[in-house]
Amino acid sequence: MRVSWSDGRLTFRLDPEDEITGRAADEHPVKLATNTCTIAGVPGDAHPDLFAVATWSIVAPWTRRRITFDRAVSAELAEALHDGWGIDAGPVAAEPRRTGRTLAISYSGGADSVAAAAIYPDAPFVHFRRVSHPRVPNRWPHYRSDVLAKLAARTGRELTTVASDLEFTLAEPRPGYPEHHAVAAGALLLADRLDLGGLAFGYELGSRWLGGDRYLLRYTPDNPMWAPHGAWGRLFAAAGVHIVLPVGGVSEAVTMRLALNSELKEHVRWCLIGTDGPCRNCAKCLYKEIIQAAVERRPLDTPVPATSAKARKWLRPPPYGGQEMIEYGLARIPGIEHTMFAGALEHFEATEESTGWLDHCYPPALDEIPEPWRARTADFMTAHVGLMTEAESRRVESWGA
């Protein structure tokens, strides 16, 4: 792979061994649509290692043997690429970037990132906004990135919005991030300007430790995407911007509770479709309604019929992604036996006691927070959430076994 940047525009050219259809870090197949994208408003003089990590978050699925940058990177960055992916990177000549002092929140406006923002009330936000690509038709016009950006601007927090068409590099399965980490591409290129040493994401217990529906469906301390000792964690650290998961030790029930109790509660929006509020008809709205109803101890309120394909995912026999939250909801939503999830009750023996571990924080997640921000996270979790007991921690570590 050969890459170059000019005025925020990335152009990449495949080598003979590279592939049009590749796999992201979560093993999901992704097909290339175009070899250009733009990230607006980023400086041209960012440290070369920042350009390298931002680039890799976009081109990694299709690169097989080597990547040649248009500017020299540090030996530390090249080593992280080789150790993590077996990729030869060059040229190599730059000094490594100094780790910054500031933590910023990669802010989507969803419950998970709002919960992360509640832990660090003074942290600035960096919000990624999708914009159209000049050469690729938009096959997802219902995605309301403009609404999400407006909500982010109303939070009153220090905000940098980064507009990019990088999601249109994907032809299949749909417009989206080639790697989950591409949401950080703009923040990375602004890291020198913002003095970033850490970037906080809203990935929670299911994403960090339980595998979700991404690749394992079981507990793993060695999550390749989010573990600090994993390939991506080491790569970000080599560029002086550590991956920080403030809510990596708590469930979506906890992040929902924290978000709805935060000063940003009026700006929470997990739905990517609705304009004046969540659309209530998409699969994500249904899933989040299960969690919110459980947290608020009220009946399920959704217009989605049981016959809809949007509901089918959680009506089939387990295992599946988000299973821990379905169990949590089954144990707490009044009248759940009279809803579309009545059949799901046959697959579980969920009780409040058996799912109580999902109300607390998994302690090893706190140990992963980089030192400058660890104490703040630990104090917050101890005061507002509570730490898991040894028995509850074993529930995490035996998940999927």
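Heavy atoms only: backbone and side chains are in, while hydrogens, waters and symmetry mates are out. The shown structure was predicted, so the numbers you read here are calculated from the model rather than taken from an experiment.
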Can you tell me if [atom1] on [X] sees more than 12 non-hydrogen neighbours from other groups inside 6.0 Å?
X      : atom1 : answer
Arg65  : CZ    : no
Glu17  : CD    : yes
Asp7   : CG    : no
Arg374 : CZ    : yes
Arg298 : CZ    : yes
Glu263 : CD    : no

Nearest atoms (heavy-atom pairs only) where [X] meets [Y]:
X      : Y      : value
Val114 : Ser262 : CG1-OG, 3.4 Å
Leu77  : Ala52  : CD1-CB, 3.7 Å
Ala115 : Leu258 : CB-CB, 4.0 Å
Val241 : Ala191 : CG2-CB, 3.8 Å
Ser164 : Thr38  : OG-O, 2.8 Å
Arg2   : Leu14  : NH2-O, 3.5 Å

Short side-chain donor-acceptor distance under 3.5 Å, [Y] and [X]:
X      : Y      : answer
Glu204 : Ser207 : yes
Asn138 : Ser132 : no
Thr34  : Arg135 : yes
His229 : Asp222 : yes
Tyr120 : Thr377 : yes
Ser251 : Trp357 : no
Thr307 : Arg312 : no
Ser113 : Ser108 : yes

Spatial distance of atom CZ (Phe380) from atom CZ (Arg376) [nearest 0.5 Å]
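If I round to the nearest 0.5 Å, the distance is 7.0 Å.
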
Could you grab the distance from atom CG of Leu188 to atom CG of Leu199, nearest 0.5 Å is fine?
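Spacing of CG (Leu188) from CG (Leu199) equals 7.0 Å.
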
Salt-bridge contact Glu352-Arg297 (side-chain N to carboxylate O under 4.0 Å):
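Counted as a salt bridge, because a side-chain N and a carboxylate O are separated by less than 4.0 Å.
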
Let me see the working for Glu252 and Thr255 under side-chain hydrogen bond (donor to acceptor under 3.5 Å, both in side chains), right down to the final yes or no.
CA-CA 5 Å; Glu252 290 178 88; Thr255 59; 5.8 Å; no

Does the plane of the ring in Phe201 sit parallel, tilted or perpendicular to the ring in Phe236? Use 30° and 60° as the thresholds.
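Aromatic pair Phe201/Phe236 classed perpendicular.
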
Hey, can you tell me if Trp232 and Trp85 have their rings parallel, tilted or perpendicular (30° and 60° cut-offs)?
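Trp232 and Trp85: perpendicular rings.
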
Does Arg129 use its side chain to pair, donor to acceptor, with the backbone of Val162 at less than 3.5 Å?
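No: the side chain of Arg129 does not pair with the backbone of Val162.
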
Quick one: which residue pairs count as a salt bridge (charged side-chain N to carboxylate O under 4.0 Å, His left out) with a foot in residues 146-165, not counting sequence neighbours?
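Checked against salt bridge (charged side-chain N to carboxylate O under 4.0 Å, His left out) - neighbours excluded - the pairs reaching residues 146-165 are Arg144-Asp146.
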
Considering only residues two or more places apart or on different chains, which pairs with a residue in residues 79-95 satisfy salt bridge (charged side-chain N to carboxylate O under 4.0 Å, His left out)?
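Those involving residues 79-95 do not exist here.
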
Start with the C-alpha gap between Asp18 and Thr63, add the side-chain angles, then the distance that decides, and say whether side-chain hydrogen bond (donor to acceptor under 3.5 Å, both in side chains) holds.
CA-CA 5 Å; Asp18 294 335; Thr63 308; 5.0 Å; no

Check: Leu189 and Ile39 side chains under 4.5 Å, non-hydrogen atoms
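Heavy-atom side-chain distance check passes, below 4.5 Å.
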
Any side-chain heavy-atom pair from Tyr328 and Ile291 closer than 4.5 angstrom?
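A side-chain contact under 4.5 Å is absent here.
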
Validation: residues 394-401 side-chain donor-acceptor distances under 3.5 Å, sequence neighbours left out:
unit_1	atom_1	unit_2	atom_2	d
Arg395	NH1	Ser354	O	2.9
Arg395	NH2	Ser354	O	3.2
Glu397	OE2	Tyr362	OH	2.5
Ser398	OG	Arg394	O	2.8
Ser398	OG	Arg395	O	3.4

